[in-house]
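Shown next, in structure tokens, is the structure this report addresses.
Along the sequence shown, residues carry numbers from 1. Note: hydrogens, waters and symmetry copies are ignored here, and every other heavy atom, side chains too, is used.
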Amino acid sequence: MSVFQIILLVVVALILVGLFAYLIRIVPQAKAYVVERLGAYHTTWNTGIHILVPFVDRVSNKVTLKEVVKDFAPQPVITKDNVTMQIDTVVYFQITDPKLYTYGVVGPITAIENLTATTLRNIIGDLELDETLTSRDIINTKMRAILDEATDPWGIKVNRVEVKNIIPPRDIQEAMEKQMRAERERRESILRAEGEKRSNILTAEGEKEAMVLRANAKKEAMIAEAEGQARAMERIYEAQARGIEMIKNANPTKEYLSLKSLETYEKMADGKATKIVVPSEMQNMASFLTSAREILVDDAAKDALEEVIKPKKG
């Protein structure tokens, strides 16, 4: 085989391989191919192996079926109270119909961006500055509903819309910062005043409880002291009663009772037991009674001695 024939065979093989690669198409996962035949839409290829008719069929568009995230640049918007601010959005969408996505609109991403900007201006135009800053969820929900409805003819499903940043003008930012600083200082003052008030209340309650506890302790001490004195007096009276009972049981003589009476008068007259002013006549009577007691004691002693001696004599 000559060199020319070898080159010819190689060329034919390369042509066949190229033709085979052109005719056999493999669609990967999460992809879709839009195929045209003689310039008109023919079919949509999904995942798998497909054969393309040469010179008749053409792959018009390769579409991804995965969710797409687009972060659009900030857009100038004007609020209801005439404040201009910059707002950027993030749109999450998914292609549900490759045919409509291919033939429904020219430049679908650009169309979504412009639609997002106009929708955002319409929504923010009905809100004031404070409402715009505090109504992100409302803005997101309204934008998603509007965009999803508007992109249905394009074969696009809008799953989610998020307002990423809201950037007001510099002077508005400074005013907001001052307002926030004043609000924080006001809250701090309120908290400090409430703390001091609570502290004073707790201090007053503590003093009140301390006074109550001291009063209760003093009352209990007085009660205990009174009870002690009462018990002591009861013991004294009981001792005196037992003494009287013992004296009664001992059957004392008249001389002994007279002696005890004289001792009582003596104590009343000497002025030591009590602070009673006794007239001079009572003092003389006390001296007389003391002498009488001594005589009675001598007589009682003699009688006692006789009582002791009598049994011995018997």
Side-chain angles (χ1 to χ4, degrees), residues 8-77 86-125 136-165:
L8 182 61
L9 290 174
V10 171
V11 171
V12 172
L14 292 175
I15 292 173
L16 291 176
V17 171
L19 183 62
F20 181 79
Y22 177 77
L23 296 178
I24 304 300
R25 298 295 177 92
I26 299 176
V27 180
Q29 183 69 32
K31 289 280 188 177
Y33 289 0
V34 178
V35 179
E36 294 179 352
R37 177 167 290 180
L38 299 177
Y41 172 77
H42 174 60
T43 186
T44 299
W45 288 348
N46 295 317
T47 304
I49 299 175
H50 301 274
I51 298 176
L52 183 70
V53 179
F55 309 110
V56 176
D57 295 341
R58 183 179 70 90
V59 177
S60 175
N61 192 12
K62 297 179 179 180
V63 179
T64 179
L65 302 179
K66 295 185 291 185
E67 187 174 29
V68 181
V69 181
K70 284 295 181 180
D71 186 0
F72 298 125
Q75 299 292 329
V77 295
Q86 299 287 330
I87 301 179
D88 57 344
T89 55
V90 181
V91 179
Y92 300 79
F93 66 91
Q94 190 173 10
I95 299 171
T96 57
D97 192 333
K99 177 184 177 182
L100 294 178
Y101 181 77
T102 302
Y103 301 103
V105 64
V106 177
I109 303 301
T110 304
I112 293 175
E113 183 178 5
N114 293 330
L115 181 61
T116 301
T118 55
T119 304
L120 184 63
R121 290 191 181 98
N122 292 333
I123 295 174
I124 299 299
R136 286 176 177 263
D137 293 338
I138 297 175
I139 297 172
N140 296 337
T141 303
K142 288 183 177 180
M143 287 189 63
R144 193 205 68 79
I146 295 173
L147 291 178
D148 187 34
E149 183 179 358
T151 55
D152 278 342
W154 305 341
I156 297 173
K157 171 69 175 176
V158 178
N159 297 325
R160 188 175 178 183
V161 179
E162 292 289 340
V163 174
K164 186 177 180 182
N165 293 314

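The only option from I123, I124, T118 that meets the side chain to side chain contact (heavy atoms under 4.5 Å, CB included) definition with L120 turns out to be I124. With P98 as reference, V63 is the one residue of N46, V63, N61, T64 to meet the side chain to side chain contact (heavy atoms under 4.5 Å, CB included) rule. Residue M143 forms a side chain to side chain contact (heavy atoms under 4.5 Å, CB included) with just one option from N140, I139, T141, and that option is I139.
Put simply, CZ on R58 and NE2 on H42 are 13.5 Å apart, with the number rounded to the nearest 0.5 Å. Remark: H50 NE2 to I26 CD1 distance equals 10.0 Å, nearest 0.5 Å. Distance check: I146 CD1 to T151 OG1 gives 11.5 Å after rounding to the nearest 0.5 Å. For the atom pair CG of D97 and OG1 of T44, the computed distance is 7.0 Å after rounding to the nearest 0.5 Å. Atom-to-atom distance recorded for T102:OG1 and K62:NZ is 13.0 Å, nearest 0.5 angstrom. Here K157 contributes atom NZ and D148 contributes atom CG; the two are 4.0 Å apart, rounded to the nearest 0.5 Å.
When side chains are defined from C-beta on, I87 does not count as touching N165, because their heavy atoms never get closer than 4.5 Å. With contacts defined as side-chain heavy-atom distances shorter than 4.5 Å, the pair E113/Q75 qualifies. Annotation: side chain of P76 is in contact with side chain of R121 (closest heavy-atom distance under 4.5 Å). I112 is not listed as a side-chain neighbour of K70, based on a closest heavy-atom distance of 4.5 Å or more.
Counted within 6.0 Å of CD1 on I138, heavy atoms from surrounding residues, nucleotides or ligands total 12 or fewer; the atom is thus considered open. For L14, the CG atom is densely surrounded, since the number of other residues' heavy atoms within 6.0 Å is greater than 12.
The shortest non-hydrogen separation linking W45 to I51 is CZ2-O, 3.7 Å. In this structure, L23 and P54 approach most closely via the heavy-atom pair CD2-CD, 3.1 Å. Of all heavy-atom pairs spanning I109 and F93, the tightest one is CD1-CZ, 3.4 Å. Listed here is the closest heavy atom pair of D71 and K164: OD2-NZ, 2.8 Å. Nearest approach of V34 to K99, heavy atoms of both residues: CG2-N, 4.4 Å. Considering all non-hydrogen atoms of both residues, E36 and S60 come closest at OE2-OG, 3.1 Å.
When atom types are taken as modelled, the side chain of T96 and the backbone of G155 share a donor-acceptor pair closer than 3.5 angstrom.
Taking the six-membered ring where the residue is Trp, Y103 and Y41 present perpendicular rings, their angle passing 60° and hence far from 30°.
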